[in-house]
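Inspection log for the structure reproduced underneath, given as structure tokens.
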Amino acid sequence: MSENTETIFSKIIRREIPANIVYEDDLALAFKDVNPQAPVHILVIPKKPVAKLSDAESGDHALLGHLLLTVKRVAEQVGLENGYRVVINNGNDGGQTVYHLHIHILGGRPLAWPPG
Ligand code: AMP
């Protein structure tokens, strides 16, 4: 997928396609992954369309902090008290498929390490 085209996540933000949204504020949105890799699999995204982590700039300092605190908040909200994994796939070798920055929250079972 091109990094410069609008993504499916922009359409979720604008409510043009459905998603199971679990949290929203002025800067961020969190919704359930449509193809879950664990009993709990949620994506936290900025509303601002940053394509990938390596495109973030110094002006995104507060936004990136907000996204991580949103991860913590959502994980507590959905009851991941035994722990969880936080993943950002960045670019081609990172396995990124949707070019709108997103943080995966995976939990609800023990997760192996290292990843593939
Ligand atoms: P990544 O491979 O890190 O780019 O992750 C993209 C994630 O987006 C994958 O886990 C997909 O299952 C998920 N995904 C793609 N389309 C949707 C959608 N419409 N609603 C929810 N999750 C989606």
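All ligand and atom numbering here is 1-based and tracks the order in the structure. Start at 1 with the first residue, then count along the sequence.
Ligand 1 lies under 4.0 Å from heavy atoms of I8, F9, I12, F31, K32, D33, V34, N35, L43, N89, G95, Q96, T97, V98, H102, H104.
For K32, the salt bridge (charged side-chain N to carboxylate O under 4.0 Å, His left out) criterion is met by no residue, not counting sequence neighbours. Residues satisfying the salt bridge (charged side-chain N to carboxylate O under 4.0 Å, His left out) criterion with K48, sequence neighbours excluded, are D60.
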Using distance only, find each side-chain donor-acceptor pair of residues 103-114 under 3.5 Å and give its atom names and separation, not counting sequence neighbours.
from	atom 1	to	atom 2	distance (Å)
H104	ND1	H41	NE2	2.8
R109	NH2	Q37	O	2.8

With side chain to side chain contact (heavy atoms under 4.5 Å, CB included) as the criterion, how do L68 and K72 come out once you've worked through the C-alpha distance, each side chain's angles and the decisive distance to 0.1 Å? CA-CA 6 Å; L68 279 181; K72 174 192 163 180; over 6 Å; no

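Side-chain contact between P49 and T7 is absent, with no heavy atoms from C-beta onward closer than 4.5 Å.
In plain terms, the two heavy atoms of N35 and D33 that are nearest each other are N-OD1, 2.8 Å.
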